[in-house]
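Here is how names work: the chains are called A, B, and so on, in the same order as the sequence lines, proteins then strands, and each is numbered from 1.
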Amino acid sequence: MPEVRVRFPPSPTGYLHIGGARTAIYNWLFAKKHGGKLILRIEDTDTERSTQASIDGIIEGLEWLGIDWDEGPYFQTEFAAEHCAAANKLLAEGKAYKCFCTKESLDAKREAAMAAKQSFVGYDGTCRNLTPEQVAEKEAAGIPSVVRFKVPRRDGMVSYDDKVLGLIKRAYNDIEDFVIVRSNGKPLYLLCNVVDDIRDRISHVIRGQDHMTNTLRQVLLYEALGQPVPVFAHMPLTLDLNKAKISKRSHGEIVAVQFYKQNGFLPWALLNFLALLGWNPGDDREIFSREEMIEAFSLERITKSNSIFNFKKDDPKFFTDPKAININAHYLRTMPVAEIASLVKGELEEAGLWNPTYDSDKKEWYLKTIEMIRERFHTLKDFTTLGRAFFADDFTIDEAALAKNVLKHPDLKTWLPLLADRFEAADDITAESAEEIAKGLAEDLGIKPGIPINAARAVITGQIKGPSMFELFAHFDKATVLKRLRDVDRLYV
RNA sequence: GGCCCCUUCGUCUAGCGGUUCAGGACAUUGGCCUCUCACGCCGAAGAUCACGGGUUCGAAUCCCGUAGGGGUCACCA
């Protein structure tokens with residue numbers, strides 16, 4: 001295979017959404033797999049809608065995901081001269097022509113054709129065969145014109161071999177003479193994109209299936225420009241549960257990469273999830289290290305059919321696709337502690353809960369805490385919400401925990417302080433001695449051990465569930481344990 | 001409407017003519033474990049492989065129709 005050069009060409013008209021991210025991911029994986037280059041090219045020719053904020057957001061999103069590129073960002077607008085030169089070349093060679101039809105008359109014609117349910121609603125070729133004299137005449141009269149590509153009028157099919165979908169073909173006669181330069185002299189996407197891909201020596205174009213009809217026309221442009229056609233691979237689209245294309249407009253932030261960053265996702269977990277939406281390695285693996293995924297990736301194993309991003313708005317249990325959360329939770333509980341520790345540090349700092357000693361004296365305690373609580377967390381955010389009691393005294397006790405494990409047994413008002421007394425009397429609290437003490441108290445009181453233990457969990461961690469309480473009695477600072485146990489009184493109001 | 005693509009459990013998917021009355025993952029659910037929850041482990045339920053015709057000794061797998069879904073038909077990208 002010649003040098004692999006792929007590109008990710010976002011148009012900066014919004015944030016990076018998961019569909020775009022997935023395109024970037026596949027291109028990135030393919031480049032890495034083949035030792036190729038990934039080029040980032042900002043397609044900003046739509047000056048009306050392009051914004052700097054969008055460019056920043058897209059780059060930030062890619063960087064957060066860990067997708068690095070080898071060249072760029074290039075900006076399409078910087079190559080306007082090349083785009084024009086290509087258009088002029090086609091014009092000079094008779095492969096394109098000026099069209100003086102007005103947009104209004106064209107729109108009217110198309111609407112009439114569609115209303116009449118005619119098979120061909122494209123441009124009718126009115127200006128295709130104007131003589132040079134007629135063209136000169138119209139230009140002299142100051143009539144504005146666009147440049148249209150002269151699609152070969154011949155029988156047969158234009159075709160290309162799609163790496164994902166197989167042979168795609170379409171009759172020449174079904175393709176209209178499309179516009180390549182606006183009346184204001186600015187070339188359009190179809191042409192710019194091809195010219196840029198030629199200049200950037202792009203070998204493989206990996207993009208969404210929504211580009212399929214563009215591809216046939218672009219193949220024609222490559223041929224007219226006398227350039228080799230790159231390999232195309234069209235990946236399936238991501239739809240919502242109603243099978244509608246996901247978009248910022250209709251789905252909001254849930255489809256933005258930024259949303260996942262803000263909601264405690266690990267970049268690699270999101271990437272892993274996204275990669276699996278429309279691709280699989282051919283075996284049962286679903287969790288990959290970076291190296292494993294690069295090694296396993298191939299265009300041939302990209303799925304043909306669209307996939308659904310399974311999220312229900314206002315789902316009380318899952319704020320996004322359950323599988324995405326599951327994968328995130330998996331990484332959360334299996335990644336090296338040192339790695340997750342620094343991410344949690346960021347969360348704590350943001351929440352104003354960071355204690356510098358976690359980096360020095362209490363480092364061991366800090367790491368152990370994370371190790372203990374991360375197992376049942378789903379996102380990084382859980383450390384400062386569900387796990388708040390480990391890092392602060394001003395936590396609130398979960399309602400269910402309070403009702404079920406504390407208020408239900410009024411005698412805990414005396415039992416918990418009693419437990420505190422026994423802990424206080426013990427010189428060294430280990431998980432083993434804590435268990436002995438707690439169970440011993442229950443026995444002496446003639447109650448089930450679960451009652452004081454679960455109540456302790458509620459007042460010490462604020463949660464109805466969590467790590468082994470015996471380990472926690474030993475893990476928490478003794479004074480904290482005693483205080484929280486003795487403070488149980490305040491809960492009965 | 002034309003053209004193009006797609007169609008296997010709720011969702012992501014495996015499958016590429018026979019060893020599959022369809023396997024895995026997530027979600028759901030029963031149990032074990034247990035101080036709780038989670039993890040882990042063992043189970044359950046869940047897909048007449050969109051439908052209808054062919055081809056074949058044999059089809060989820062090949063062919064043809066039909067239906068459904070998606071994409072696209074801009075002087076947007």
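Between Thr213(A) and rC4(B) there is no side-chain N or O to OP1 or OP2 distance below 4.0 Å. The phosphate of rC6(B) has OP1 or OP2 within less than 4.0 Å of a side-chain N or O from Lys304(A). Between Lys245(A) and rU72(B), a side-chain N or O to OP1/OP2 separation shorter than 4.0 Å is present. For the pair Lys317(A) and rU28(B), the criterion of a side-chain N or O lying under 4.0 Å from OP1 or OP2 is met. Asn280(A) has a side-chain polar atom (N or O) that falls below the 4.0 Å cut-off from OP1 or OP2 of rA14(B). When the side-chain nitrogen and oxygen atoms of Arg182(A) are compared with OP1 and OP2 of rC76(B), one or more of them lie within a distance under 4.0 Å. One finds no side-chain N or O of Arg376(A) lying less than 4.0 angstrom from the OP1 or OP2 phosphate oxygen of rC39(B). Look at Ser307(A) and you won't find any side-chain N or O under 4.0 angstrom from OP1 or OP2 of rC12(B). Within the 4.0 Å cut-off from OP1 or OP2 of rG1(B), not a single side-chain nitrogen or oxygen of Arg110(A) is found.
A 3.5 Å limit on both hydrogen-bonding distances identifies rC73(B) as the Watson-Crick or G-U partner of rG1(B).
To the nearest whole angstrom, the two P atoms, one in rA60(B) and one in rG54(B), are 15 Å apart. Rounded to whole Å, the separation between the P atoms of rC57(B) and rU7(B) comes to 28 Å.
Residue Gly208(A) is out of contact with every strand shown, counting any heavy-atom pair closer than 4.0 Å. Gln209(A) comes within 4.0 angstrom of the backbone, heavy atoms only, and of no base. Across all strands shown, Arg301(A) has heavy atoms under 4.0 Å from sugar-phosphate atoms exclusively, and none from any base. The residue Lys169(A) sits close only to the backbone: its heavy atoms come under 4.0 Å of sugar-phosphate atoms, none of a base. At the heavy-atom level, Phe377(A) lies nowhere under 4.0 Å from the strands shown. Counting any heavy atom pair closer than 4.0 Å across all strands shown, Asn214(A) reaches a base atom. The residue Glu43(A) sits close only to the backbone: its heavy atoms come under 4.0 Å of sugar-phosphate atoms, none of a base. In this structure, Ser468(A) reaches the bases: a heavy-atom distance under 4.0 Å links it to at least one base atom across the strands shown. Residue contacts for Glu435(A): at a heavy-atom cut-off of 4.0 Å it reaches no nucleic acid atom on any strand shown.
Here the side chain of Pro322(A) is nearest to one of rU72(B), rC26(B), rC5(B), namely rC26(B). Across rG70(B), rC39(B), rC26(B), the shortest atom-to-atom separation from the side chain of Lys243(A) is found for rG70(B). When the nucleotides rA77(B), rC6(B), rU13(B) are ranked by their closest atom to the side chain of Thr303(A), rU13(B) comes out on top. Comparing atom distances between the Asp321(A) side chain and each of rC35(B), rA77(B), rU11(B) picks out rU11(B) as nearest. Comparing rC75(B), rA25(B), rC35(B) by their nearest atom to the side chain of Glu286(A) picks out rA25(B).
Phe423(A) does not carry Lys478(A) over the face of its six-membered ring by the limits of under 6.0 Å from the centre and within 45° of the normal. Both tests pass for Arg148(A) against the ring of Tyr123(A): distance under 6.0 Å to the centre and angle within 45° of the axis.
Comparing Met157(A) and Pro467(A), the nucleotide of RNA chain B nearest to each residue sits closer to the 5' end for Met157(A). Nearest-nucleotide mapping onto RNA chain B: of Lys323(A) and Leu237(A), the residue sitting toward the 5' end is Lys323(A).
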Pair Asp197(A)-Arg41(A), salt bridge (charged side-chain N to carboxylate O under 4.0 Å, His left out): steps then yes or no:
CA-CA 10 Å; Asp197(A) 282 346; Arg41(A) 191 170 68 220; 2.7 Å; yes
Apply side-chain hydrogen bond (donor to acceptor under 3.5 Å, both in side chains) to the pair His234(A) and Asp210(A), showing each step before the final yes or no.
CA-CA 8 Å; His234(A) 289 99; Asp210(A) 50 343; over 6 Å; no
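Here the two rings, on Phe390(A) and Phe476(A), have centers that are under 6.0 Å apart. The six-membered or imidazole ring of Phe377(A) lies near that of Phe383(A), with a centre-to-centre distance under 6.0 Å. Taking the six-membered ring for Trp and the full ring otherwise, Tyr26(A) and Trp279(A) have centroids separated by 6.0 Å or more.
Checked by distance alone, Arg49(A) brings a side-chain donor or acceptor within 3.5 Å of a matching partner on the base of rC76(B). For Ser183(A) against rC75(B), a side-chain N or O and a base N or O form a donor-acceptor pair under 3.5 Å. Judged by distance alone with a 3.5 Å cut-off, no donor-acceptor contact links the side chain of Asn310(A) to the base of rA27(B).
Across residues 13-27 of chain A, not one residue has a non-hydrogen atom less than 4.0 Å from an atom of RNA chain B.
The backbone N or O of Gly450(A) sits less than 3.5 Å from a side-chain atom of Asn454(A), completing a donor-acceptor pair.
Of the N and O atoms on the side chains of His475(A) and Thr369(A), at least one donor lies less than 3.5 Å from an acceptor on the other residue.
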